Amino acid sequence: MHAMLTVSVYLGLVLLGSLVSSSQGRYSHPKYHPRALNKHDTQLYGDCHEVRKVGGYNVSGVYTLHMNKTTPFQVYCEHTADNSFTVIQRRMSPAVTFIRSWPEYVSGFGNVQDSYWAGLNHIFYLTSTGNNVLTINMQTWNGEAQNVRYSYFRLQDSTYFTLNIGGFFGSIPDDLSFNNNMPFATYDRPDLKGCASQQMAGWWYNYCSYALLNGVYYNGGSYTPTGSYYNGIYWKDWRGYGYSLKFVSMTLSHI
């Protein structure tokens, strides 16, 4: 079956999130709208880079952004000493299931203070406005971490949200470029090979994927899939299809 930044900022939250029990990640919180750090700011920001550059914010946390200066949406901004990153995806507990429909993946879902997906519409907007560097942070259940970066990441269109990715840098093999030029698919809007129907998560499926960051959150690492396809949160050439990671995040930045 075909299938650089540290994560220490999140470790305290990861430990808290791991107390939530659900080995299959089926339980789902409603959509959260936590208080944003820029709640009373009249300035409308387009991304976390602008939050820092224009607004002067340098504390990591939840911020409200505005797509095209009109439609609000919330993300987690990670501010480091010299850069700011817009978190578009994060997995850190089983509290939010990623087995979701096409409309949910388009609009976004989850808890911005825990696990969430920013939404394909918002990701398309961000990558169309200069946020084209993708950093993926991953961590195993025994604390090992890997960080990989793609110098170019963009969604080519707002209909299929086709992946365009390149410029890999990392100390583990590049498992995401296998999905380059693939449209996004979900179980209710499946790919031609039926991978979304089998693995259930929304993703840019080829046949099927060497990396699946939206998979089922299995506690403990090694797992037995619920069906005939491996469907955990995996990076094939790091820990293999059968190991589901404890933490992963996808962040966008300008540089």
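Quick caveat: nothing in here was measured; it's all calculated off a predicted structure.
- With respect to E144, the side chain to side chain donor-acceptor pair (under 3.5 Å) criterion is satisfied by exactly one of Q139, R239, K246: R239.
- Counting heavy atoms from C-beta outward, S253 and H49 have side chains that stay 4.5 Å or more apart.
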Report the C-alpha separation of L65 and T86 in whole Å, then their side-chain angles, then the decisive distance to 0.1 Å, and conclude whether the side-chain contact (heavy atoms from CB on, under 4.5 Å) test is met. CA-CA 10 Å; L65 305 181; T86 303; 4.2 Å; yes
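- Listed by chain and residue number, Y57, H79 satisfy the ring-ring contact (aromatic ring centres under 6.0 Å, His included) test with Y63 (two or more places apart in sequence, or in another chain).
- Taking all atoms of both residues into account, the shortest heavy-atom contact from C208 to N179 is O-ND2, 4.0 Å.
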Carefully, step by step, assess F161 and N121 under the rule side-chain contact (heavy atoms from CB on, under 4.5 Å).
CA-CA 8 Å; F161 301 100; N121 275 339; 3.5 Å; yes
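- Atom CG of N181 and atom CG of N206 lie 9.5 Å apart (nearest 0.5 Å).
- Under the 30°/60° scheme for interplanar angles, the aromatic rings of Y210 and Y241 are found to be tilted.
- Figure legend: cation-pi geometry between R90 and Y76, with NZ or CZ positioned under 6.0 Å from the six-membered ring centre and within 45° of its axis.
- Looking at heavy atoms from C-beta onward, D174 lies out of side-chain contact with V148 at the 4.5 angstrom threshold.
- For the pair R91 and F247, the cation-pi test (distance below 6.0 Å, angle within 45°) is failed.
- One distance of note links OG of S151 with CD1 of I165; it measures 9.5 Å at 0.5 Å rounding.
- The line from OG of S93 to CG of N219 is 9.0 Å long, rounded to the nearest 0.5 Å.
- By the 4.0 Å N-to-carboxylate-O rule, R189 lies too far from E104 to be salt-bridged with it.
- Looking only at side-chain heavy atoms (C-beta outward), V216 and Q199 stay at 4.5 Å or farther from each other.
- No side-chain donor-acceptor contact under 3.5 Å links T159 and D157.
- We find the NE2-OG1 distance between H122 and T127 to be 12.5 Å, quoted to the nearest 0.5 Å.
- Across A196 and D191, no two heavy atoms sit closer than the pair N-OD1, 2.8 Å.
- Using a 4.5 Å heavy-atom threshold, the side chains of Y243 and W235 count as separate.
- Under the 3.5 Å distance criterion, with hydrogens and angles disregarded, no donor-acceptor pair is assigned to the side chains of E78 and T251.
- The NZ atom of K236 sits 14.0 Å away from the CG atom of L212 when rounded to the nearest 0.5 Å.
- Counting non-hydrogen atoms of other residues, nucleotides and ligands closer than 6.0 Å to NZ of K69 gives a total above 12.
- Y150 has its side chain out of reach of V133: every pair of non-hydrogen atoms, C-beta onward, lies at least 4.5 Å apart.
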Tell me, with the steps shown, if T71 and Y125 meet side-chain contact (heavy atoms from CB on, under 4.5 Å). CA-CA 11 Å; T71 309; Y125 162 74; over 6 Å; no
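- Within a 6.0 Å radius of OH in Y160, other residues, nucleotides and ligands contribute 12 heavy atoms or fewer.
- Linking Ile, Leu, Val, Met, Phe, Trp and Tyr whenever their side-chain heavy atoms come within less than 4.5 Å puts Y45 and V59 in one cluster.
- Partners of N68 according to the side chain to side chain donor-acceptor pair (under 3.5 Å) rule, which considers only residues two or more places apart in sequence or in another chain, do not exist here.
- V96 is listed as a side-chain neighbour of F109, based on a closest heavy-atom distance under 4.5 Å.
- Summarising the geometry of H254 relative to T129, their closest heavy-atom pair is CE1-O, 3.7 Å, with the distance given to 0.1 Å.
- Contact check for Y152 versus L134: no side-chain heavy atoms found under the 4.5 Å cut-off.
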* Evaluation steps, side-chain contact (heavy atoms from CB on, under 4.5 Å), between S209 and Y234 -> CA-CA 10 Å; S209 187; Y234 64 77; 4.2 Å; yes
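- Side-chain contact, D41 with Q43: no donor N or O sits under 3.5 Å from an acceptor N or O.
- The two atoms that bring Y187 and M200 nearest to each other are CD2-O, 4.0 Å, heavy atoms only.
- Proximity of the aromatic rings of Y205 and F184 is defined here by a centroid distance below 6.0 angstrom, and this criterion is not met.
- Listed by chain and residue number, nothing satisfies the side chain to side chain donor-acceptor pair (under 3.5 Å) test with R154 (two or more places apart in sequence, or in another chain).
- A cation-pi arrangement is absent between R100 and Y105, since the terminal nitrogen or guanidinium carbon is not both under 6.0 Å from the aromatic centre and inside a 45° cone about the axis.
- Here the closest non-hydrogen pair linking L213 and I233 is O-CG2, 3.8 Å.
- Put simply, L44 and L37 are part of two different groups of oily side chains (I, L, V, M, F, W, Y) that touch within less than 4.5 Å, one to the next.
- Separating the CG atom in N164 from the CZ atom in F153 is a distance of 9.5 Å, to the nearest 0.5 Å.
- Put simply, the side chain of V75 reaches to within 4.5 Å of the side chain of C48, judged on heavy atoms.
- In terms of heavy atoms, Q89 sits closest to N214 at NE2-OD1, 2.9 Å.
- Within the 6.0 Å centre-distance limit, the rings of Y218 and Y223 are counted as a close aromatic pair.
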